[in-house]
Amino acid sequence: MRKLPREFYLSKNTAKIARDLLGKLLVVPDDTAGRVSGMIVEVEAYLGQADRAAHSFGGRRTARNEVMYGGGGHVYVFFVYGMYYQLNIVTGPAEHPHAILIRGIEPVEGIEVMWERRGKMKDTNLTSGPGKLAIALGVTHELNGADLTRKHIWLEEYRSLEKKEIKVGKRIGIDYAGEDAEKQLRFWVKGNPFVSKPV
DNA sequence: CAAGTGATTAGC
DNA sequence: CTAATCACTTGC
């Protein structure tokens, strides 16, 4: 399959790109194990300057979030709670610091490697959360800033979803964001067991 | 349900 | 410089 082109990431309609990410295949090749991949089943949009929940709220620009300003089609990886990496996809043109957090994937290729990295457990617990899937895919700070049109990580077409298969709700873990916490910016595949917190 | 963990940030 | 915080997960 072909990598999604740069154009896919350049729209300023971040919520639309977030919905379109559902059903795409996220691929992270491994030197020895080959392709490790999963279908995206849950995402959250972060709308830059105007969004209290975003790292780039109010135009905040630091060493950590610098890649959010570098243009769509790059990966923003950051570290939280002293243990977990979070994988985001930067969208829009340069200087438009929006991003989409990947919160859940359904394993497709390389599930053996995921078990090695995560430990033996129920498959639905392997990748049903942003911290979990980063471990399963081997995503660390080394991938921060990686280009999704190159060879370290990318997206492919995989499954096309009907509108009625997609659910929308509030984002998770951002209660500090006040009224922005109420925004309907979390999207997931209805009934999929790899969604972190089904509703 | 609460602890764990350390980079990052804001505030002096 | 120091202290508080955090796009989470796991095990009690």
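To find a chain, count down the sequence lines: A is the first, B the second, and so on, and within it residues start at 1.
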Stacking check: are the rings of Phe78(A) and dA7(C) less than 5.5 Å apart at their centres and under 30 degrees in tilt?
no
Spacing between [X] atom [atom1] and [N] atom [atom2], to the nearest angstrom:
{"X": "Arg117(A)", "N": "dT9(C)", "atom1": "CZ", "atom2": "P", "answer": "17 Å"}
{"X": "Leu21(A)", "N": "dA7(C)", "atom1": "CG", "atom2": "C1'", "answer": "16 Å"}
{"X": "Ile172(A)", "N": "dC8(C)", "atom1": "CD1", "atom2": "P", "answer": "8 Å"}
{"X": "Tyr85(A)", "N": "dT8(B)", "atom1": "OH", "atom2": "P", "answer": "9 Å"}
{"X": "Phe79(A)", "N": "dA7(B)", "atom1": "CZ", "atom2": "P", "answer": "7 Å"}
{"X": "Arg52(A)", "N": "dC6(C)", "atom1": "CZ", "atom2": "C1'", "answer": "16 Å"}
{"X": "His55(A)", "N": "dT5(C)", "atom1": "NE2", "atom2": "P", "answer": "15 Å"}
{"X": "Tyr81(A)", "N": "dA4(C)", "atom1": "OH", "atom2": "C1'", "answer": "13 Å"}

So, with a heavy-atom separation below 4.0 Å from DNA chain C, the residues of residues 96-113 of chain A are Leu101(A), Arg103(A)
Checking understanding here: a glycosidic angle within 90° of 0 is syn, the rest anti, so what is dA7(B)?
anti
What is the distance from atom OH of Tyr158(A) to atom CG of Leu26(A), rounded to the nearest 0.5 Å?
12.5 Å
Checking the side chain of Asn65(A) only, and the main-chain atoms of Arg60(A) only, is there a donor and an acceptor separated by less than 3.5 Å?
yes
State whether the side chain of Asp180(A) and the backbone N or O of Arg52(A) hold a donor-acceptor pair below 3.5 Å, judged by distance alone.
yes
Val43(A) and side-chain contact (heavy atoms from CB on, under 4.5 Å): which single residue from Leu101(A), Leu21(A), Asn88(A), Leu185(A) fits?
Leu21(A)
Passing option when Glu42(A) is tested against Lys132(A), Arg186(A), Lys197(A) for salt bridge (Lys or Arg N to Asp or Glu O under 4.0 Å)
Arg186(A)
Applying the salt bridge (Lys or Arg N to Asp or Glu O under 4.0 Å) test to Glu44(A), which of Arg171(A), Arg103(A), Lys170(A) qualifies?
Arg103(A)
Please examine the side chains of [Y] and [X], heavy atoms only from C-beta on, and report whether any two atoms are closer than 4.5 Å.
{"X": "Arg117(A)", "Y": "Val36(A)", "result": "yes"}
{"X": "Arg61(A)", "Y": "Glu95(A)", "result": "yes"}
{"X": "Val77(A)", "Y": "Glu142(A)", "result": "no"}
{"X": "Pro130(A)", "Y": "Tyr84(A)", "result": "no"}

Under the side-chain contact (heavy atoms from CB on, under 4.5 Å) test, residues paired with Glu109(A) that sit two or more places apart:
Leu25(A), Arg35(A), Ser37(A)
List for me each residue that meets side-chain contact (heavy atoms from CB on, under 4.5 Å) alongside Asn192(A), sequence neighbours excluded, and say none if there are none.
Met39(A), Val41(A), Glu106(A), Val189(A), Phe194(A), Val195(A)
Of the listed nucleotides dG4(B), dG6(B), dC6(C), the one nearest the side chain of Met83(A):
dG4(B)
Parallel, tilted or perpendicular: which one describes the rings of Tyr76(A) and His55(A), with boundaries at 30° and 60°?
perpendicular
Atom pairs, protein N/O to nucleotides 10-12 of chain C N/O, distance under 3.5 Å:
| unit_1 | atom_1 | unit_2 | atom_2 | d |
| --- | --- | --- | --- | --- |
| dT10(C) | OP1 | Arg118(A) | NH1 | 2.7 |
| dT10(C) | OP1 | Arg118(A) | NH2 | 3.1 |

Going through the distances and angles, do Leu10(A) and Ile17(A) end up as a side-chain contact (heavy atoms from CB on, under 4.5 Å)?
CA-CA 9 Å; Leu10(A) 298 182; Ile17(A) 299 181; over 6 Å; no
Given Watson-Crick or G-U pairs with both distances under 3.5 Å, what dot-bracket string fits DNA chain C, with | for other-strand pairs and [ ] for crossing?
||||||.||||.
Heavy atoms within less than 4.0 Å of DNA chain B: which residues of residues 56-75 of chain A have one? Give them sorted by number.
Arg60(A), Thr62(A), Arg64(A)
